[in-house]
Amino acid sequence: MVKASQLFYPTLREVPSEAEIASHQLLLRAGFIRKATAGVYSYLPLAKRVLRKIENIVREEMDRAGGQEVMMPIIQPQELWEKSGRWSLYGDEMFRVYDRHERGFALGPTHEEIITTLVDADVHSYRNLPLLLYQIQNKYRDEIRPRFGLMRGREFIMKDLYSFDVDYDSLDISYKKMHAAYQAIYNRMNLKYRVVEADSGAIGGNESHEFMVLADSGECLVLYCETCEYAANVEKAQCNAVPNPSPVSVQQEIEKISTPGLRTIQDLVANLGIPEHEQVKTLLYSADGDIIAAVLRGDRDLNEIKLKNYLGAEQLFMADEDSVRERCGAGFGSLGPVGLRLKIYADLEVAQMQNFSCGANEDDYHFCNVNMGRDFTAEAIIDLRNAEAGDPCPICSSGLQTIRGIEVGHIFKLGTKYSDAMGASFINANGEEKPMIMGCYGIGVSRTMAAAVEQNNDSNGIIWPMPIAPYHVIIIPVNANKKEQMEAAADIYKQLLAEGIEVILDDRDERAGVKFKDADLIGIPIKITIGPKSLQENLVEVKKRWESETKLVPMVKVVNTVKEIIAANMKK
RNA sequence: CGGGAUGUAGCGCAGCUUGGUAGCGCGUCUGGUUCGGGACCAGAAGGCCGCAGGUUCAAAUCCUGUCAUCCCGACCA
């Protein structure tokens with residue numbers, strides 16, 4: 001029995017001031033979630049139903065792909081994390097608790113340590129591999145800045161699967177299965193998404209893909225090619241060397257010019273008319289304690305991940321102005337590669353540039369007509385910049401486009417990073433001991449719910465995709481005091497329930513407007529309205545949340561109409 | 001953690017400059033009139049003015065500290 005009068009979905013007329021983005025505002029307003037503390041939320045009945053639907057789709061596809069569901073502890077002993085080295089590496093992002101004996105525990109931010117230990121203890125033979133284990137569970141990460149409601153919580157629901165294989169060929173098969181399963185999952189949820197190449201980041205390993213639900217408010221920038229299949233996160237998107245668009249045959253004499261007070265690229269554009277793309281900027285970084293310089297074209301953004309990966313650095317951050325001044329004799333805004341006694345890493349584009357301008361490592365002076373090779377040399381010439389819209393596709397050279405997305409899934413090939421650290425090995429067919437080859441595969445379940453809202457809403461509220469809607473149908477008798485309306489509503493309600501359709505009967509003694517507004521806000525896909533005039537002709541109104549037209553349907557046909565709409569929208 | 005802002009009723013806000021009985025709208029409760037896109041009338045309940053100190057005859061208001069929340073940056077499902 002689901003009657004709106006009894007259902008706990010406290011809707012709000014006004015937007016809580018703490019919420020910034022659509023999904024956060026709407027999930028709060030529609031009575032799906034309430035905040036306990038920053039980045040930690042309670043899920044109310046409607047949200048719980050959506051989460052369960054997402055989980056079930058995920059579960060079915062994981063099982064289909066050969067996964068086996070397990071449940072591992074959230075509280076994990078410190079020793080395990082020390083074994084992998086991550087007790088210290090994970091840093092402040094890990095919630096730590098201590099028991100009465102002062103022994104440390106982590107609230108699991110992820111489960112590589114514990115699952116590798118688990119598998120190591122009981123799997124010893126190639127005959128038991130591959131093994132794919134997963135769980136759906138709360139994860140804990142003490143994010144520096146939780147934000148956007150469920151988008152970046154400190155406690156969140158995640159599906160994590162770990163694969164254990166005998167060799168890399170077998171890992172490829174597991175990885176492909178997961179890749180396909182993830183596509184099936186997002187297809188089944190009717191979400192518009194894109195698979196992109198990604199950096200594997202701190203988790204380790206090499207190959208990695210992210211699954212992005214497309215939404216303008218997404219935090220991730222994706223570059224993709226319409227001609228070929230290439231798509232990558234901006235962190236990963238590769239920039240090939242492009243030839244200088246206006247090459248000159250003569251390298252002019254280097255010239256030092258006085259530029260009092262001019263510090264930024266824009267200052268030089270505005271005051272001296274030097275275009276951004278004829279300037280070079282120099283950024284100083286501390287890489288595991290060593291100060292190094294990165295140089296790139298004035299209008300480009302440095303991709304710190306590319307730099308970090310090239311250097312193989314654990315920690316990379318911009319040098320502060322004091323150490324910059326100490327090394328270069330000048331402050332920010334007057335730096336340049338000429339005469340710089342640091343390792344210089346130049347972007348591919350810089351090698352193509354001629355007669356460019358840059359800081360002179362002396363406050364209030366710049367150089368003009370600088371040429372790399374003649375005036376300075378680089379330790380390495382590498383891809384260092386963020387790709388931008390219009391850049392040539394690294395595969396087919398067509399112009400790349402950009403789109404924003406929300407990262408809801410991420411799959412990694414881990415290799416032996418954790419099996420080596422935790423000692424997870426097996427005996428192969430030749431009797432040799434080998435480390436297991438691992439992969440890990442995550443889906444942010446609670447984030448997926450938020451992403452679905454982010455992608456599917458209008459000014460009236462949420463528009464749930466049918467496969468994950470908390471209920472399929474809401475029945476609204478226009479006037480709760482009219483007996484014939486209430487009886488007709490109850491009748492349809494019973495018929496739908498008998499067909500196994502998930503339906504809410506809005507039996508509240510509210511004005512019609514209130515009921516319509518709430519129905520739209522909570523985003524139920526199908527609305528059946530029972531009004532006085534049409535009822536006399538035994539008709540009711542059926543409206544799809546995502547369309548503006550209302551259809552009059554004979555009472556006797558309502559159940560079939562509803563079933564058809566649901567069936568048509570459960571799959572693309 | 002650096003930068004910015006905000007904490008007053010369930011939600012949204014005013015009051016603070018210039019200290020003097022804590023207010024408005026929505027929501028909630030009661031009664032009545034209404035009833036197809038957030039009704040109207042009458043009445044009511046609901047506040048350690050984030051917390052702790054200080055100044056003062058007197059503090060929501062001024063001062064100090066502290067905590068929390070939100071936004072921008074680095075991190076990630």
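In what follows, every chain begins at residue 1, and chains take the letters A, B, ... in the order their sequences are listed.
Across residues 39-73 of chain A, not one residue has a non-hydrogen atom less than 4.0 Å from an atom of RNA chain B. Near RNA chain B, meaning a heavy atom under 4.0 Å from it, residues 473-491 of chain A has A/Val478, A/Asn479, A/Asn481 in order of number. The stretch residues 150-159 of chain A comes close to RNA chain B through A/Met151, A/Arg152, A/Gly153, A/Phe156, A/Met158, each having a heavy atom under 4.0 Å from the strand.
Within the structure, a side-chain polar atom (N or O) of A/Arg147 is placed less than 4.0 Å from OP1 or OP2 of B/rG73. Neither OP1 nor OP2 of B/rU6 sits under 4.0 Å from any side-chain N or O of A/Ser17. Residue A/Arg145 has a polar side-chain atom (N or O) positioned under 4.0 Å from OP1 or OP2 of B/rC72.
Nucleic acid contact class of A/Lys515 (heavy atoms, under 4.0 Å, all strands): none. The residue A/Gly409 sits close only to the backbone: its heavy atoms come under 4.0 Å of sugar-phosphate atoms, none of a base. Residue contacts for A/Phe148: at a heavy-atom cut-off of 4.0 Å it reaches the sugar-phosphate backbone alone, with no base atom in range. At the heavy-atom level, A/Asp160 lies nowhere under 4.0 Å from the strands shown. Residue contacts for A/Lys527: at a heavy-atom cut-off of 4.0 Å it reaches a base atom on one of the strands shown. Counting non-hydrogen atoms under 4.0 angstrom, A/Pro532 reaches a base of the nucleic acid.
With sequence neighbours left out, A/Arg59 forms a side-chain hydrogen bond (donor to acceptor under 3.5 Å, both in side chains) with A/Asn56, A/Glu69. Applying the side-chain hydrogen bond (donor to acceptor under 3.5 Å, both in side chains) test to A/Glu14 and every residue at least two apart in sequence or in another chain returns nothing.
In this structure, B/rU30 and B/rA42 make a Watson-Crick or G-U wobble pair, each of the two defining distances being under 3.5 angstrom. Remark: B/rU64 base-pairs with B/rA52. Criterion, Watson-Crick or G-U wobble with two distances under 3.5 Å.
Considering only the side chain of A/Lys517, B/rG38 comes nearest among B/rU69, B/rU34, B/rG38.
With 3.5 Å as the limit, one finds a donor-acceptor pair spanning the side chains of A/Tyr134 and A/Asp63. When only modelled atom types and interatomic distance are considered, A/Asp160 and A/Tyr162 share a side-chain donor-acceptor pair under 3.5 Å.
With the nearest nucleotide of RNA chain B identified for both A/Glu235 and A/Asn460, A/Asn460 has the one nearer the 5' end. Annotation: of the two residues near RNA chain B, A/Val15 and A/Lys35, the 5′-most nearest-nucleotide partner is A/Val15.
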Protein-nucleotides 26-31 of chain B N/O pairs under 3.5 Å:
| residue | atom | partner | partner atom | Å |
| --- | --- | --- | --- | --- |
| B/rG27 | OP1 | A/Arg13 | NH1 | 3.4 |
| B/rG27 | OP1 | A/Arg13 | NH2 | 3.4 |

